[in-house]
There are 2 protein chains.
Amino acid sequence: MNIRTLCLGILFFEEATGYEINKLASEGRFSHFIEASYGSIYPALTKLMDDGYVTVREERQVGKPARKVYAITEKGRKALLDGLYDEPGADIFKSEFLFVCLYSEFLEPNYLSEMLDRRVEVLEEKFQMLHELSERCDHPASQFAIGYGKALNRAAIEFIKENREKLEARHERKTVQAAH
Amino acid sequence: MNIRTLCLGILFFEEATGYEINKLASEGRFSHFIEASYGSIYPALTKLMDDGYVTVREERQVGKPARKVYAITEKGRKALLDGLYDEPGADIFKSEFLFVCLYSEFLEPNYLSEMLDRRVEVLEEKFQMLHELSERCDHPASQFAIGYGKALNRAAIEFIKENREKLEARHERKTVQAAH
DNA sequence: GTTCACATGTAACAGGTTACATGATTGG
DNA sequence: CCAATCATGTAACCTGTTACATGTGAAC
């Protein structure tokens, strides 16, 4: 899914500026299943304007630059809803963490343990974040999406806690070692 | 993590051709947390050669094109292991499925139910695939990675089964509808 | 006969990231 | 005083995808 569709999807629920869309996509209630950055959001918004899917309203502010508040149009609403009927692609999961884990037996034991500690910590923070989001949300579909994120997060935390010793035990010591 | 590192990581465990690396990354025991395609693998292998991280051996075959079997060098081994000490970036999860779910109340009820059915099916197939992989694997670290994938998969399946009715019930019927 | 598995590779293109440029206000 | 938040935008760059090009043998 491209950033244009993402912007349209967010604007479907509420008016927003590019800055706010970035926040929603990187910290807010879309953040656990979507990626976006300024460099892609602003051009996407411009394109959406050109195509008549959104409108802008400029709000002057004292001291700060004017904010450009985008709102979806009927045409944009219809385009989004129509697009929903294309079978969604498979979820994408990429994990450098798991990649590193593959070579755990070659890592310094302390480093491995610290990495696992940090990972659990980060996942717990994320879980907490999602939990707070879900408490401040009364839209059932959004709750579902947040709940899904929480479920995966919890599963990851529990899995690491229950299985980390299998990595830390390092059953057979390998001879190949990196010099450090 | 780029494709070069991925190729190096696979070659760390075993010699392989570009074709085989593609299989491992798209169906094999790396497939649930890594993405790669021919268009990126072959050039990555060439680059790895240029940098002295791998060597090639050409195996002529009757009827089929010669296969180029790549093998990691000491330099490559060291480079991979050294790279492991860079803190792994956060896991990336992208889901068009969850995005579509956000607008479930605007979808035709039948379509929504079918989409959820299909999604559970796909996830169950994936789980089965991972399960079979883990049975044919005796490397503890790989087992950990596969187990992690299975845990997340199971969590997703259970969450959908337990919560789909909340989407399908459509608490408040919205008036905005796409024409179909 | 047609599709699948094997096998390598390139080129055009899409898509997005990173860093940069700019600048005021608020809170610690 | 410094960092963070608010706020917009561009340009160079990187990375990877898709589609194409080519060809055999086996299975169905």
Side-chain angles (χ1 to χ4, degrees), chain A residues 1-11 15-28 30-31 33-51 54-70 83 89-90 92-94 96 99, chain B residues 1-11 15-28 30-31 33-51 54 56-70 89-90 92-94 96 99:
Chain A
M1 192 195 36
N2 57 23
I3 306 292
R4 263 191 322 283
T5 308
L6 160 64
C7 290
L8 206 52
I10 289 178
L11 295 173
E15 295 187 349
T17 64
Y19 187 83
E20 287 163 349
I21 289 174
N22 180 62
K23 275 208 114 180
L24 285 166
S26 58
E27 301 166 35
F30 299 91
S31 60
F33 62 98
I34 263 165
E35 303 276 316
S37 59
Y38 289 133
S40 52
I41 291 170
Y42 285 118
L45 253 12
T46 306
K47 185 70 175 22
L48 251 17
M49 269 293 296
D50 293 345
D51 294 345
V54 302
T55 54
V56 221
R57 163 169 46 89
E58 210 167 309
E59 283 179 7
R60 299 275 170 75
Q61 306 180 113
V62 271
K64 292 175 205 166
R67 43 200 314 266
K68 288 187 171 182
V69 182
Y70 290 87
I92 292 170
F93 177 67
K94 289 195 223 178
E96 286 190 18
F99 182 79
Chain B
M1 193 198 37
N2 57 22
I3 306 292
R4 261 192 321 286
T5 308
L6 160 64
C7 289
L8 207 53
I10 289 179
L11 294 174
E15 295 186 348
T17 64
Y19 187 82
E20 287 163 350
I21 289 174
N22 181 63
K23 276 209 112 179
L24 285 166
S26 59
E27 301 164 36
F30 300 90
S31 62
F33 61 97
I34 263 166
E35 304 274 317
S37 59
Y38 289 132
S40 52
I41 291 170
Y42 285 118
L45 253 12
T46 306
K47 185 70 175 21
L48 251 17
M49 268 292 297
D50 293 345
D51 295 346
V54 302
V56 222
R57 162 168 47 91
E58 212 167 307
E59 282 180 8
R60 300 274 171 78
Q61 306 181 111
V62 269
K64 292 175 203 165
R67 42 199 317 265
K68 288 187 171 182
V69 183
Y70 291 86
I92 292 172
F93 177 68
K94 289 195 222 176
E96 286 190 18
F99 182 78

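Throughout, protein chains are lettered first and strands after them, A, B, ... in sequence-line order, and every chain is numbered starting at 1. Only this structure's heavy atoms are used, side chains among them; waters, hydrogens and symmetry mates stay out.
At a threshold of 4.0 Å, the pair Lys94(A)-Glu96(A) does not count as salt-bridged, since none of the basic side-chain nitrogens sits closer than that to a carboxylate oxygen. Salt-bridge annotation for Lys68(A) and Glu59(A): absent, with no side-chain N of the basic residue lying under 4.0 Å from a carboxylate O of the acidic one.
Between Ile34(A) atom CD1 and dT17(C) atom P there is a gap of 12 Å when expressed in whole angstrom units. The distance between atom CG of Leu48(A) and atom P of dG15(C), rounded to the nearest whole Å, is 14 Å. Atom pair Arg60(B):CZ and dT24(D):C1' shows a separation of 17 Å (rounding to whole Å applied). Nucleotide dT15(D) holds its C1' atom 15 Å from the CD atom of Glu35(A), rounded to whole Å. Atoms CD (Glu58(A)) and C1' (dT8(D)) sit 10 Å apart, rounded to a whole Å. Rounded to an integer number of Å, the gap from Met1(A) CE to dT17(D) C1' is 17 Å. dT15(D) atom C1' lies 14 Å from atom CD1 of Ile41(B), rounded to whole Å.
Residues from residues 2-11 of chain A with heavy atoms under 4.0 angstrom of DNA chain C, sorted by number: Asn2(A), Ile3(A).
One finds the OG1 atom of Thr17(A) at 9.5 Å from the CD1 atom of Ile41(A) (value rounded to the nearest 0.5 Å). Once rounded to the nearest 0.5 Å, the distance linking CZ of Phe93(B) with CD1 of Ile92(A) reads 10.0 Å. Here the CG atom belonging to Leu11(A) is positioned 6.5 Å from the CG atom belonging to Leu8(A), to the nearest 0.5 angstrom. The distance from atom CD1 of Ile21(A) to atom OH of Tyr70(A), rounded to the nearest 0.5 Å, is 8.5 Å.
Phe99(B) is listed as a side-chain neighbour of Met1(A), based on a closest heavy-atom distance under 4.5 Å.
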**Request:** Between protein and nucleotides 6-12 of chain C, map the contacts as a letter string: B base, S sugar-phosphate only, - none, heavy atoms under 4.0 Å, written 5' to 3'.
**Result:** BBBBB--
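Listed for the Ser26(A) side chain is a donor-acceptor partner under 3.5 Å among the backbone atoms of Asn22(A).
For dT17(D), one of the phosphate oxygens OP1 or OP2 lies less than 4.0 angstrom from a side-chain nitrogen or oxygen of Ser40(B). At dT17(D), one or more side-chain N or O atoms of Ser37(B) fall inside 4.0 Å of OP1 or OP2 (strictly under the cut-off).
Between Tyr42(A) and Tyr38(A), the angle of the ring planes stays under 30°, which puts this pair in the parallel group of the 30/60° scheme.
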